[in-house]
Amino acid sequence: MAERPPAEGDRNAASAGDNRPALSLHVPEPKYRPGDAVDFSHIQVPEAGAQARPDETVDPKDMLDLAHDLIRVLGDDNKAHGPWDPKLDPETLRTMLGHMAMTRAFDERMFRGQRQGKTSFYMKCTGEEATSVSASMALAADDMIFPSYRQQGILIQRGYPMIEMINQIYSNRGDKLKGRQLPIMYSSREHNFFSISGNLATQTPQAVGWAMASAIKGDSRIAATWVGEGSTAEGDFHSACLFATVYNAPVILNVVNNQWAISSFSGFAGAERSTFAARGVGYGIASLRVDGNDPLACYAAEQWAANRARANAGPTLIEFFSYRAEGHSTSDDPSGYRSAQEREEWPLGDPVMRLKNHLIAIGEWDEERQEKMDLEAAEYVKKVTKEAEANGILGHGLHHPFRTMFEDVFEELPWHLKEQSEQAIRERETKFPEGLPNEGNGA
Ligand SMILES: Cc1ncc(C[n+]2csc(CCOP(=O)(O)OP(=O)(O)O)c2C)c(N)n1
Ligand SMILES: [Mg+2]
């Protein structure tokens, strides 16, 4: 049988290689490492007020530029500009400032508490307060929040009792979650604040699913989720986007781009290629890129997205462009991997200062009142911390009884868990007949 002549492609394959350039990969590298001088002049900061504000029911195809621009309201003159100005009255602006100041005071005290050994862990949101406080002020109190671990500002804005937050951080006998969650992983059904999960991005499909269920039931409540830019690399985030767009779910996907995911810079999540807002474009989701350190822009964008969801016009993806001013958590030391100058050079300033300066610029605030506000916030946090400490701190033994770790999963404790529980308690008593240090037997 005559042999078939090789196909064109086969011939090429046979002679492949030698004179072709070798392939190579690009491995992202952050611009600045410890000790480097920082120059952020490559970051485009457009004029405040220069961005168009389309109608909330706009077709996502007609707003593509907003995924690459940066929506800004507060200008260098500290005044509000342009169509995104939410035109909030001074009282509301002062309330916003108050929640942000309280969030910062809370972070300061809890951070110190960790350093004093009162808790094992804490996470600050310094510099990102507007992305939670201002955004959540634009939602209704009964809209459902699916947060990451950096939105303590939402609980503060929603009036969640601070003592509950501290009890949880101390895992003490007042902790409603009975010490079962990592400190700062709060949960509050009454405040429509879904349990925080350490497994990154799981909250995003949950938010979309909740929003779909709300629509299926004919309810009027919408869902909003917050996720870090690093976490958008998770498959869960992409599933969430797809479900959201396919079913036109009444959901807001907030991506807080604080430039870092622990020690990995945003380039590893795709920041060198496009914006995080632009991820939504591929899914046909309305997408906004917002100055995350501009409290008025954060409020306006979230309000736009909420109006859109309520009008059944579909989901919105918002990228809040910001900067993580402090370490990832109390377990992290950023001086080992990034330049300390980044924080100082960050071109979008500090959200608390910007709102304060705005209120001063419109004649509705002054430095003395600011000082008083900061002092009162610090005093308040101190007072509540003392109250929470009466319920116990780490290692002082005032936690939920040991046996409770086996409870609350099944309505009735099954025999094998009962057996395990008894064994664990027996072993503990044998090992520590006097009880653990400072603890009694804890059973
Ligand atoms: C699925 C999963 N992978 C990895 C981790 C470990 N981890 C915890 S936080 C974090 C960084 C997340 O960064 P980003 O999403 O940007 O949020 P940010 O901390 O900056 O707010 C990582 C990798 C985890 N908790 N879950
Ligand atoms: Mg991040």
Side-chain angles (χ1 to χ4, degrees), residues 28 30-32 43 103-104 106-107 110-111 114 120-133 135-136 145-155 180-186 193-207 224-241 253-280 289-293 298 317-334 336-339 342-343 346 348 351:
K31 276 192 161 33
Y32 313 108
I43 295 178
T103 303
R104 196 161 281 190
F106 182 72
D107 275 359
M110 292 300 104
F111 183 88
Q114 193 278 339
S120 56
F121 187 75
Y122 190 71
M123 298 177 100
K124 288 178 160 187
C125 66
T126 315
E128 301 170 45
E129 291 88 349
T131 66
S132 52
V133 168
S136 112
I145 305 279
F146 289 81
S148 88
Y149 41 73
R150 229 182 275 286
Q151 278 79 50
Q152 52 266 50
I154 296 179
L155 283 176
R180 292 167 186 179
Q181 284 266 71
L182 184 75
I184 67 103
M185 301 226 164
Y186 320 102
F193 189 91
F194 197 74
S195 309
I196 297 171
S197 163
N199 300 25
L200 298 176
T202 52
Q203 71 273 25
T204 55
Q206 290 165 351
T225 184
W226 274 254
V227 70
E229 90 294 341
S231 306
T232 64
E234 285 288 340
D236 270 5
F237 176 77
H238 298 273
S239 307
C241 289
L253 303 157
N254 296 291
V255 176
V256 183
N257 176 6
N258 63 6
Q259 315 299 321
W260 291 90
I262 315 186
S263 55
S264 294
F265 86 116
S266 57
F268 282 106
E272 290 177 340
R273 303 295 179 221
S274 193
T275 68
F276 288 93
R279 298 235 159 132
R289 186 163 175 270
V290 178
D291 178 346
N293 291 12
C298 292
L317 190 156
I318 301 175
E319 172 186 352
F320 292 117
F321 193 69
S322 186
Y323 187 78
R324 195 195 76 208
E326 300 266 352
H328 171 73
S329 72
T330 49
S331 309
D332 178 41
D333 175 10
Y337 56 81
R338 69 181 192 185
S339 171
E342 284 195 11
R343 178 182 181 166
W346 184 246
L348 302 175

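Note that ligands are numbered from 1 as they come in the structure, with each ligand's atoms numbered from 1 the same way. In what follows, every heavy atom counts, from backbone to side chain, and hydrogens, waters and symmetry copies are set aside. Residue numbers run from 1 in the order of the sequence given.
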- Item | Closest approach of any protein heavy atom to atom 21 (O) of ligand 1, naming residue and atom | R150 NE, 2.9 Å
- So OG1 of T131 and CG of N254: to nearest 0.5 Å the spacing works out to 8.0 Å
- Is the shortest heavy-atom distance from the side chain of N257 to the side chain of F320 under 4.5 Å? no
- Message: Could you identify the single nearest non-hydrogen protein atom to atom 11 (C) of ligand 1 and state the distance to 0.1 Å?
- Response: I262 CG1, 3.6 Å
- For atom 5 (C) of ligand 1, which protein heavy atom lies nearest, and how many Å away is it? L200 CD1, 3.6 Å
- Does any N/O atom on A261 come nearer than 3.5 Å to any N/O atom on ligand 1? no
- Message: How far is atom 15 (O) of ligand 1 from the closest protein heavy atom, and which atom is that?
- Response: S231 OG, 2.5 Å
- Message: Between E319 and F276 (side chain of the first, backbone of the second, donor and acceptor by atom type, cut-off under 3.5 Å), is there such a pair?
- Response: yes
- Cation over ring face, R289 and F321, 6.0 Å, 45°: yes
- Task: State the atoms of ligand 1, each with its element, that fall below the 4.0 Å cut-off from a heavy-atom position in G230.
- Result: 14 (P), 15 (O), 16 (O)
- Task: Run the numbers on T225 and T204 for side-chain hydrogen bond (donor to acceptor under 3.5 Å, both in side chains), then give the verdict.
- Result: CA-CA 6 Å; T225 184; T204 55; 5.8 Å; no
- Message: Tell me whether Q152 contacts the main-chain N or O of M123 through its side chain, where contact means a donor paired with an acceptor under 3.5 Å.
- Response: yes
- Does any N/O atom on E128 come nearer than 3.5 Å to any N/O atom on ligand 1? no
- Message: Taking 2.8 Å as the cut-off, does N258 contribute an N, O or S atom near the Mg ion (ligand 2), distance below it?
- Response: yes
- Task: Answer yes or no: does an N/O atom from N199 fall short of 3.5 Å to an N/O atom of ligand 1?
- Result: no
- Message: Measuring from non-hydrogen atoms of Q259 to any atom of ligand 1, is the shortest distance under 4.0 Å?
- Response: no
- Any idea which protein heavy atom is nearest atom 1 (C) of ligand 1, and the distance to it? E234 OE2, 3.4 Å
- Among W226, F194, F193, which residue meets the ring-ring contact (aromatic ring centres under 6.0 Å, His included) test with F146? F194
- Message: I'd like to know if the Mg ion (ligand 2) has an N/O/S atom from W260 within less than 2.8 Å of it, counting both backbone and side-chain atoms.
- Response: yes
- Item | Test item, R324 contacting ligand 1 (heavy atom, 4.0 angstrom) | no
- With respect to the Mg ion (ligand 2), what is the nearest N, O or S atom of E229? OE1
- V256 touching ligand 1 at heavy-atom level, < 4.0 angstrom: no
- Item | R150 (side chain) donor-acceptor with K124 (main chain) under 3.5 angstrom | yes
- Considering distance alone, does some N or O of G198 sit under 3.5 Å from an N or O of ligand 1? yes
- Message: So if I count the atoms of ligand 1 from 1 in the order they appear, which ones are less than 4.0 Å from some heavy atom of N258?
- Response: 18 (P), 20 (O), 21 (O)
- Message: I want to know if ligand 1 touches Y149 in the polar sense, i.e. an N/O pair below 3.5 angstrom.
- Response: yes
- Can you say whether the rings of W260 and Y337 are parallel (under 30°), tilted (30 to 60°) or perpendicular (over 60°)? tilted
- Item | Any donor-acceptor pair under 3.5 Å from S322 side chain to E128 backbone | no
- Message: Using a strict threshold of under 4.0 Å (side-chain N to carboxylate O), is an ion pair present between D332 and R324?
- Response: yes
